[in-house]
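One structure is given below, encoded as C-alpha cells.
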Amino acid sequence: VQLQASGGGLVQAGGSLRLSCVASGASFSRYGMGWFRQAPGKGREFVAAVGRSGRAIYDTDSVKGRFTASRDNAKKTTYLQMNDLKPEDTAIYYCAADTRVISSVDVRRESTNYGYWGQGTLVTVSS
C-alpha cells in the first residue's frame, strides 16, 4: 500500500484547508484510514480516522467540530477538511492505513494499528 498525501500549505488563522490522501492497491475499501500530525518538537498525535463504513472519530479535545474526515472508495481517497484553523494546528499531517481492521464499524486511533504511512504534508497556520 502506498499513500500520497497532499493539500497542505500556508493559511491564516480562521482559514480552511482540505487534505487528500490517495492510496494504491485494490483493497482501499477494506482499510481504516487515519490522520495524524506532528508539530515541531512534539510527538505524533492522532487527529481523526474514518472506518470502512465511513464512520469517523476525532481527537475531541483539539479538532472535533472543526475537522471532518471522510473517504471516497471509488477514488481510493481519504480527506481531512480542516476549518477554523488555529496556529496550534501547525504540523506535518500524515495519512495512514489500518489494513488489519476487520469490522466495518471499528475505527481505531492508536498509531500502532496503522501499518502504512504517507509522506506527510505540511500545514502552517499564521496568526
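Every value quoted in this text rests on a predicted model; they were computed, and no experiment measured them. Note that these values count all heavy atoms, side chains included, but never hydrogens, waters or copies made by symmetry. Residues take their numbers from the sequence shown, with the count starting at 1.
By the salt bridge (Lys or Arg N to Asp or Glu O under 4.0 Å) test, Lys86 pairs with Asp84, sequence neighbours left out. Remark: Ser126 engages no residue in a side-chain hydrogen bond (donor to acceptor under 3.5 Å, both in side chains) (not counting sequence neighbours). By the side-chain hydrogen bond (donor to acceptor under 3.5 Å, both in side chains) test, Glu45 pairs with Arg37, sequence neighbours left out. With sequence neighbours excluded, no residue satisfies side-chain hydrogen bond (donor to acceptor under 3.5 Å, both in side chains) with Glu88. In terms of the salt bridge (Lys or Arg N to Asp or Glu O under 4.0 Å) criterion, Arg109 has no residue partners (sequence neighbours excluded). Scored by the side-chain hydrogen bond (donor to acceptor under 3.5 Å, both in side chains) test, Glu110 finds Asn113 as partners (sequence neighbours excluded).
Nearest heavy atom pair, residue Ser127 against residue Pro87, reads CB-CG, 3.9 Å. In terms of heavy-atom proximity, Gly25 sits nearest to Lys76 at O-NZ, 2.6 Å. In terms of heavy-atom proximity, Ile92 sits nearest to Gly120 at CG2-CA, 3.8 Å. Taking all atoms of both residues into account, the shortest heavy-atom contact from Lys75 to Thr77 is O-OG1, 2.8 Å. Across all their heavy atoms, Gln119 and Ala5 have their closest contact at NE2-O, 2.9 Å. Shown here for Leu122 and Ala91, the closest heavy-atom pair between the two residues is CD1-O, 3.6 Å.
Residues Val47 and Leu80 meet the side-chain proximity criterion, which asks for heavy atoms closer than 4.5 Å. Side-chain contact between Leu85 and Leu17: present, with at least one pair of heavy atoms (C-beta onward) separated by less than 4.5 Å.
Contacts classified as salt bridge (charged side-chain N to carboxylate O under 4.0 Å, His left out) and involving residues 52-73 (residues at least two apart or in different chains) are given here: Arg66-Asp89. Listed by first then second residue, pairs satisfying disulfide bond (SG atoms under 2.5 Å apart) with a partner in residues 1-67 read Cys21-Cys95, not counting sequence neighbours. Annotation: ring-ring contact (aromatic ring centres under 6.0 Å, His included) contacts involving residues 95-127, sequence neighbours excluded, comprise Phe36-Tyr114, Phe36-Trp117. The salt bridge (charged side-chain N to carboxylate O under 4.0 Å, His left out) pairs that include a residue from residues 17-28 number zero, where partners must be two or more places apart or lie in different chains. Residue pairs that meet the ring-ring contact (aromatic ring centres under 6.0 Å, His included) test with at least one member in residues 59-106, sequence neighbours left out, do not exist here. Listed by first and then second residue, the ring-ring contact (aromatic ring centres under 6.0 Å, His included) pairs involving residues 5-35 amount to none (not counting sequence neighbours).
Note: the hydrophobic cluster containing Val63 also contains Val125 (ILVMFWY, side chain heavy atoms under 4.5 Å, direct or indirect links).
From Leu19, atom CG reaches atom OG1 of Thr121 across 6.0 Å, with rounding to the nearest 0.5 Å.
No donor-acceptor pair under 3.5 Å is formed between the side chain of Ser29 and the backbone N or O of Ser27. Checked by atom type and distance alone, the side chain of Thr78 pairs as donor or acceptor with a backbone atom of Ser70 at under 3.5 Å.
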Check step by step if side chain to side chain contact (heavy atoms under 4.5 Å, CB included) holds for Thr90 and Val123.
CA-CA 5 Å; Thr90 294; Val123 172; 5.9 Å; no

Stepwise side chain to side chain contact (heavy atoms under 4.5 Å, CB included) test for Ser16 and Met82:
CA-CA 5 Å; Ser16 298; Met82 305 185 296; over 6 Å; no

